[in-house]
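Worksheet: the structure to be examined is printed underneath.
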Amino acid sequence: MMRSWQLMVAMFLALGGLSAVAGYEMAPPRLPQWREIAWPFPRDGWPAGRAFRCGVAECGTEVEVYFRPKLGFCNCESGVADDDEVDRVSDVDMISPRFVPLKAGDVLRVADMPGRVRAYDVDGNRAAIGIAVSHRCDLMAVAAQGSGDAAQVQRATLKFLESREIRTWMIAAMEGR
Amino acid sequence: MVACQERVFGRQYRRASVPRSQRRLAWEFGVVRMGGRVTAVCCVFFFVLLANAAGARQQKIGDPPEASNMRLVGTSDLQARSAYQPTIHHQGDRWIAYIGHHGGTDDIPDPVNPMTGKPEPNGTSIVDVTDPAHPKYLRHIPGQEGKYESGGAQMVRICDGKDLPKGDRNAVYMLRTFGSEAHEIWNVADPANPVLITRIGGLKDTHKNFWECDTGIAYLVSGAPDWRTRRMTQIYDLSDPAQPRKIRDFGLPGQEPGATGAVPTELHGPISTGPQGNRVYFGYGTNKGGFLQIVDRDKLLNGPKEPTPDNLKFPEIARMPLSAMNGAHTVFPMPGMPIAEFAHDKDGKTRDIVMIVDEAIQNECGEARQMVWFADVTTEARPMLISSYTVPEASGAFCERGGRFGSHSSNESMAPVYYKKLAFIAFFNAGVRALDIRDPYHPREVGYFIPSITAATDKRCVTIGDKERCKVAIQTNNVETDERGFIYAVDRANTGLHILELTGAARAVAGLP
């Protein structure tokens, strides 16, 4: 009786261990650690949004992302029409008023909202990206900056924006859409 | 309310099982003595009372208008089209109202024109208001297909051909926007049969133009395709409306083609004081980051025209920023206002004043309050805000009525009947407000009129959680006056045109009999 009990425990532990190993191997890679930080910009016409930072160790380069809804700020019919609009509304100017686009932007979707993304050089020594996506007449403005190259900053930012927590928050912030 | 009722009745139910001492206390308050019936009656009473109070805040079809020192003279339903700028023109022995429209709605993109029996995209309504008690709808000129601000023909200005330096003396010219893509000039000498003269197209947006009738210079709010903003200024010589001649593009440094970095707030609209005043006042922003820009007209028209940052800065005299939470829809100049309070002062007896009107854009107070500001621009390089005006929200529980609450625009007529004495402000669900501005340091409301809603009045919705909650309320959008003293208020939510006149103390301010 005693031996069978020990056998059951051993089997249970062995199965548990195997499950844990399998779970670890099959689990999606963990997102780099993003820490929420205080909104770093002075008050302007729009309420403050949310800001996050990811360190070199986690993201390969230090990246900060800022996003906030701008309700009633978008052309209700055409949405985010062109790169000029990204320059104008994405909040990159809060990082610095001296930003220069690196190239034409691209279309993208964030939290199922269509829009555009564009990469910039800021103050000649940093990379930034601006994203503007819209739903009806409302806009979600995203700006990010980092010390790495723009592609690296953009990759880290887009991956973060696709996380479930951020998607959920954005949808709620756009008043449920 | 239902939740409150349930909560109260739930509390009453629980009281039946409380200890005797507590029940005694409750008995003393007369709650348990009647087996809870008193509480129930009280709850129902308060429920009905509060429900009525809440209902009173919302307009219902059949409710009378709310008014003080203003009276309704006549109405036109404007074919239930969302209305923006009215311009009233004395044309021969007639008075004609030209009214621009926003695009259609989701529910009715192209309302039917009863005169043709056909659905037509919202454009321009032409209404004979010679007898303001019986306005006669003459013609609808369709605008650009599109809904809300994406279509229609919202802006309209009128000049007589005899006033324009090279105009046809028999013509009356109507400058209007065509949605977001063009400006058009029509001959409306026969207002029932307008004829298209000119079109300036290829734009990505348009808005609130200004046209000097004595010179023909027009400041067209446009979206030139290569500029980095939706709205800047294209200045044209329209002294001969059949032959428009472009003078220059104008905007803020940073908006011009090829610029990089931050893009300044887009233009809303200018008003010029012409060659005599030699100033053009530009209002930038809608409900955020707005400012007033004071520009030397002569330098603007005759200075270097290539859109470089230096050339764009050249004609600017001053810029006065508003709070980041406010924009500038209308900037209405009133130079040389005598201020009674300063009459005995050695200096500064008269002041140059600009009235700045923000535009509310969010329904049910979903933004900072948009209101009216007065700036003293006597020392032009140092303009200063001196006073403000808003409708007190509590005077009508306007945040709960539905739709927008806040200012949008003012009358722009400089006819002597009201100029520098009274200003009329369109305040969305608070109707039109009459301000005594004779002392712009202390503007004072002297009258108001909130029109009734009709079956045509469109709903306005907000999202609560994941559901839309809609209310119907008047949305007085724009207002204009004529030389006779009639006030023309139009509704953004499709209720039409309301022609008003002043009564009582407000009428006395204007010196009207």
Side-chain angles (χ1 to χ4, degrees), chain A residues 41-48 68-103 105 118-124 128 130 132 135-139 141 143 168 171-177, chain B residues 102-103 106 144-151 179-180 204-205 223-231 254-266 285-290 321-327 358-363 366-368 370 404 461-469:
Chain A
F41 306 111
R43 179 73 160 94
D44 66 1
W46 302 100
R68 56 180 174 169
K70 295 182 172 180
L71 303 182
F73 194 47
C74 201
N75 185 309
C76 309
E77 299 294 316
S78 60
V80 180
D82 52 33
D83 284 339
D84 282 345
E85 194 149 359
V86 183
D87 296 356
R88 194 164 57 83
V89 303
S90 69
D91 282 343
V92 174
D93 59 328
M94 292 195 307
I95 297 169
S96 166
R98 293 173 298 280
F99 58 87
V100 181
L102 297 173
K103 57 177 183 172
R118 198 177 198 189
Y120 304 92
D121 174 84
V122 175
D123 293 335
H135 176 73
R136 293 191 173 223
C137 313
D138 302 327
L139 185 97
T168 305
I171 290 167
M174 299 288 268
E175 297 200 338
R177 291 201 286 124
Chain B
H102 295 294
D106 286 330
Q144 183 190 355
E145 190 79 57
K147 290 179 276 186
Y148 304 101
E149 291 209 34
S150 298
S180 57
K204 58 184 178 186
D205 206 1
D226 50 347
W227 278 60
R228 299 175 74 215
T229 180
R230 209 162 49 117
R231 292 173 183 167
Q255 294 177 334
E256 76 277 13
T260 59
V263 187
T265 309
E266 67 189 19
T286 301
N287 68 335
K288 286 185 168 55
L322 302 172
S323 158
M325 290 182 275
N326 295 101
D358 314 329
E359 177 182 352
I361 66 168
Q362 296 287 336
N363 292 332
E367 66 194 320
Q370 304 303 312
R404 304 186 193 187
C461 304
V462 294
T463 308
I464 309 288
D466 58 352
K467 290 194 175 133
E468 276 203 327
R469 200 268 322 281

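Numbered from 1 within each chain, the chains take letters A, B, ... in sequence-line order. Since we're looking at a predicted model, the values are computed, not measured.
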Out of A/L71, A/V122, A/V92, A/V89, return the one with the most heavy atom pairs under 4.5 angstrom to chain B. A/L71
What part of B/E149 gets closer than 4.5 Å to chain A, counting heavy atoms only: side chain, backbone, both or neither? neither
Test side chain to side chain contact (heavy atoms under 4.5 Å, CB included) applied to B/E367 - qualifying residues, sequence neighbours left out: B/N287, B/A360, B/I361, B/Q362, B/Q370
Side-chain contact, heavy-atom cut-off 4.5 Å: A/K70 with B/K288? no
To the nearest 0.5 Å, atom CG of A/D84 lies from atom CZ of B/R230 at 13.0 Å
Write down the atom of B/K204, the atom of A/D82, and the distance for their closest heavy-atom approach. NZ-OD2, 4.4 Å
So OG1 of B/T463 and CZ of A/R136: to nearest 0.5 Å the spacing works out to 8.0 Å
Result for salt bridge (Lys or Arg N to Asp or Glu O under 4.0 Å) between B/R228 and one of A/D93, A/D83, A/D87 points to A/D87
